[in-house]
Amino acid sequence: MHIIEMRNITKKFPGIIANDDITLGLKKGEIHALLGENGAGKSTLMSVLFGLYKAEKGEILKNGEKVNITGPSDATKLGIGMVHQHFKLVHNFTVLENIILGVETTKNGVLQMKDARQKVLELSQKYELEVDLDKEIRYITVGMQQRVEILKMLYRNNEILIFDEPTAVLTPQEIEALIATMRNMAAEGKSILFITHKLDEIKQAADRCSVLRKGKLIGTVDVAATSKEEMSEMMVGRKLSLTLTKKTPQIGETILQVKNLTQKGDSQKNKLTNITFDVKAGEILCIAGIEGNGQTDLVNAITGLTAVDSGTVAISGVNITNASIRNRGTQGMSHIPEDRHKHGLILDYNLAYNTVLQNYYKTPFQKMGFLQKGKIREYANQLVERFDIRASEGSNSIVRAMSGGNQQKIILAREIANSPKLLIAVQPTRGLDVGAIEYIHKQLLAQRDEGKAVLLISLELEEVMNISDRVLVMYEGEIVANVNPQNITFKELGLYMAGAKREAAVA
C-alpha cells in the first residue's frame, strides 16, 4: 500500500493544463524522484499535495483513505511537509524562531523557547544538520537556510517530505550532505518526494522516478534499472547528448583585462585581494569555487555594480574601472546575472519589455522620447523565435508567470542579441533542466566560436570541466589556481576549491 496516492489529478491555469490526469504513488520509506523539464508541472503537482493549489479533478489518499487538503495547515496535520525551491523564511527572525513559527509553545502569552531549543538541537545532531540557532536568517548561507527548512519539517514530525529542487542552490559538498540526510530519513521510515532535473542525483538518491512532460505523466521507473540516457529521453521526448562536442578554440586578442583588483571587506579581511587575469577572444574562461569565496564580489566589480578600492578593469584596452553600467554595455560587455529574479528581469513586465531593458532609449525602440511598442514587440518576437522561448501569450506574457528555463532564455537572448565582445555568464544553468542546460551550453560555445570572450562563473563541477577552455579557482577572495580542465581531475579541482591546495604562481 502507498502512504500517499494522488489519483487522476488535473490542475488548470488560464491557457494551460499544468497537470493532466496524473496518478502517482509514494511508498513508505522510499525516496521517489519527480523528474521533468521546467514547466512540466512538477512543482504544481506537489503544491496540490501540500494544499497550495486546489485541483479541478482527482483525489488524494493517505494510507488508502481519501483526505481533503484545503491548505498547508491540513497538509501539516496529515504529516506532509515541503521545502520550497525559493525558501519561505522570515529574514529578520532567528533560525530557532523560523523553525518554530506557527507551532509555538506559549505560557500566559510568553514564548517558551527552552523546550523548543532542546528539541531542535537534538534533531540537528541526529540528522547532522548543523545550524546556529541564534543567528538571523539574513546572515546565514543559502545551504544553511535549506537546513533550517528541513528542520522545520522535522520539528513538526512530518513523515512525508517534499523537496522542491533542493540542490539548485547548493555546492557539491552540500549536495552530498543533503543526499546522505535524505537517505537517513528514508531509512527511518520517512517517505520523500524529491523534485529535480539532475539525473546524477536521481541515480544517487532515489528508489523510483516518475517522469512528467508537458503536464502529463510519461511513466514511473526503477532508478537502479534505468540509465540516465533513458530517463532524459523520457523527460524531453528526444535523445539528448549528455556530452558536449567542442571545436578547438581559436584564441584571439585580449578582451577583458583585470589587474590587481582589490576590494576591502567590512572586517580586517578583503573581499577581493590582488585579482589579476584576462579573457581572450575565442575562449571560455571559467571561475570556479565554493559559493561565498568572492566570485559574486568579482563579478559585481567587473560589471560596475560595486566600486573597487584599487586595481583596474579594461575592455579591449579601454579602462572602464569607474565607468557607468550603461557605458560598460556600449564598450561591449553583456552580463547574465547570478539571480535572474533580482538582477536579470523585471518580473511584472511582459517578455517584450524585458528584451529591451538596456536598449529602450535607442532607435527604433523610442521616437521623440516615446516607446514604440510595435517595434519592441517585433524585436521580442524575433528573439522568441531565435532562442526558442516558450510563453503562453508570446511576447505579451508576464515574465513572473513563466518557467525558470524560459526566464533564463529571455536574459540569454537579450544579452547575446547585443552582440557583445565579452559575455559574462554567472551560474547560467542554475536550477535548469537538462534540455535547457544543453541549449545554454550550445549558445555559450557558439559565442566562443564566433570569437567572443566568455567569462563563466559556475559552481557545477561538471559544467566547469565540460565547457571551459581554462579554469581559475577562487578561494577566500584570491585566485589560487589557473588550470587546463583537460589536465586536472575533479578531485584535484575540489582540493583547490576547499583551500587545501594552491599553485605557487597564478595569473
Side-chain angles (χ1 to χ4, degrees), residues 1-86 88 153 156 158-166 186 190-197 202 206-223 226 231 234-237 390 392 401-405 433:
M1 187 198 285
H2 292 112
I3 188 166
I4 281 285
E5 198 173 352
M6 302 180 80
R7 286 186 188 164
N8 310 109
I9 299 293
T10 297
K11 175 65 194 161
K12 297 177 185 175
F13 294 108
I16 192 166
I17 301 173
N19 295 146
D20 190 353
D21 197 34
I22 293 177
T23 295
L24 181 79
L26 174 68
K27 295 174 184 172
K28 186 171 171 63
E30 84 163 334
I31 299 176
H32 191 127
L34 205 54
L35 175 67
E37 289 188 275
N38 287 97
K42 311 179 297 291
S43 294
T44 301
L45 186 66
M46 291 301 98
S47 294
V48 168
L49 178 57
F50 192 58
L52 292 168
Y53 294 143
K54 180 79 178 156
E56 280 77 26
K57 186 183 143 215
E59 59 184 15
I60 298 171
L61 287 80
K62 185 181 178 197
N63 294 324
E65 288 182 26
K66 191 176 171 183
V67 291
N68 188 27
I69 301 174
T70 59
S73 57
D74 288 344
T76 303
K77 282 172 196 161
L78 290 164
I80 302 168
M82 185 168 181
V83 173
H84 302 267
Q85 187 175 355
H86 299 288
K88 311 287 185 190
M153 292 197 295
R156 287 155 180 74
N158 293 143
E159 52 179 340
I160 296 135
L161 312 176
I162 304 165
F163 288 86
D164 187 357
E165 299 283 6
K190 292 189 186 294
S191 310
I192 296 172
L193 282 157
F194 170 39
I195 302 177
T196 187
H197 53 256
I202 290 176
D207 302 303
R208 288 191 301 152
C209 175
S210 292
V211 184
L212 299 189
R213 187 165 79 235
K214 293 180 181 172
K216 292 182 188 291
L217 179 71
I218 302 301
T220 298
V221 296
D222 182 319
V223 170
T226 313
M231 284 192 279
M234 287 174 76
M235 176 166 117
V236 297
R390 296 172 196 181
S392 57
M402 293 170 64
S403 73
D433 57 66

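Closest approach of Asp74 and Asn68 over heavy atoms only: OD2-O, 3.7 Å. Taking both residues in full, the closest heavy atoms of Leu49 and Ala75 are given as O-CB, 4.2 Å, listed atom of the first, atom of the second, then distance. Across Gly51 and Pro72, no two heavy atoms sit closer than the pair O-CD, 3.8 Å. Taking both residues in full, the closest heavy atoms of Gly29 and Asp207 are given as O-OD2, 4.4 Å, listed atom of the first, atom of the second, then distance. Scanning both residues, Ile160 and Lys62, for their nearest heavy atoms gives CD1-CE, 3.9 Å. Nearest heavy-atom pair, Lys214 versus Arg390, reported as atom, atom and distance to 0.1 Å: CE-NH1, 4.5 Å.
Here the options are Asn19, Asp20, Asp21, the test is side chain to side chain donor-acceptor pair (under 3.5 Å), and the partner is Lys216; only Asp20 passes.
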* Do His32 and Thr220 pass the side chain to side chain contact (heavy atoms under 4.5 Å, CB included) test, and can you show the C-alpha distance, the side-chain angles, and the key distance before you say yes or no? -> CA-CA 10 Å; His32 191 127; Thr220 298; 4.0 Å; yes
* Would you please test Glu165 and Lys42 for side chain to side chain contact (heavy atoms under 4.5 Å, CB included) and show each step? => CA-CA 10 Å; Glu165 299 283 6; Lys42 311 179 297 291; 4.0 Å; yes
* Begin from the C-alpha positions of Ser392 and Ile16 and carry the test side chain to side chain contact (heavy atoms under 4.5 Å, CB included) through to its verdict. => CA-CA 8 Å; Ser392 57; Ile16 192 166; 5.6 Å; no
* Before giving the answer on side chain to side chain contact (heavy atoms under 4.5 Å, CB included), spell out for Leu45 and Met6 the whole-Å C-alpha distance, their side-chain angles and the decisive distance to 0.1 Å. => CA-CA 9 Å; Leu45 186 66; Met6 302 180 80; 3.7 Å; yes
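Within the 4.5 Å cutoff, the side chain of Met234 has no heavy atoms near those of the Leu35 side chain. Side-chain atoms of Ile218 and Leu212, non-hydrogen and from C-beta on, never get closer than 4.5 Å to each other. Within the 4.5 Å cutoff, the side chain of Arg7 has heavy atoms near those of the Leu61 side chain. Using a 4.5 Å heavy-atom threshold, the side chains of Leu52 and His84 count as touching. Annotation: side chain of Pro166 is not in contact with side chain of Val83 (no heavy-atom distance under 4.5 Å). No side-chain heavy atom of Asp164 sits under 4.5 Å from any side-chain heavy atom of Met46. The shortest side-chain heavy-atom distance between Lys77 and Val67 does not fall under the 4.5 Å cut-off. In this structure, Ile80 and Ile4 have side chains that are in contact, with non-hydrogen atoms separated by less than 4.5 Å.
With rounding to the nearest 0.5 angstrom, the NZ atom of Lys57 is 10.0 Å from the CD1 atom of Ile17. In this structure, OG in Ser43 is found 13.0 Å from CZ in Phe50, a value given to the nearest 0.5 Å. Residue Lys66 holds its NZ atom at 10.0 Å from CD1 of Ile60, rounded to the nearest 0.5 Å. Separation of atoms CG (Leu78) and CD (Glu65) is listed at 10.5 Å; rounding is to 0.5 Å. The line from NZ of Lys28 to CG of Asn63 is 8.0 Å long, rounded to the nearest 0.5 Å. Atom OG of Ser191 and atom CD1 of Ile31 lie 10.0 Å apart (nearest 0.5 Å).
The backbone N or O of Lys27 lies less than 3.5 Å from a partner atom in the side chain of Glu30, making a donor-acceptor pair.
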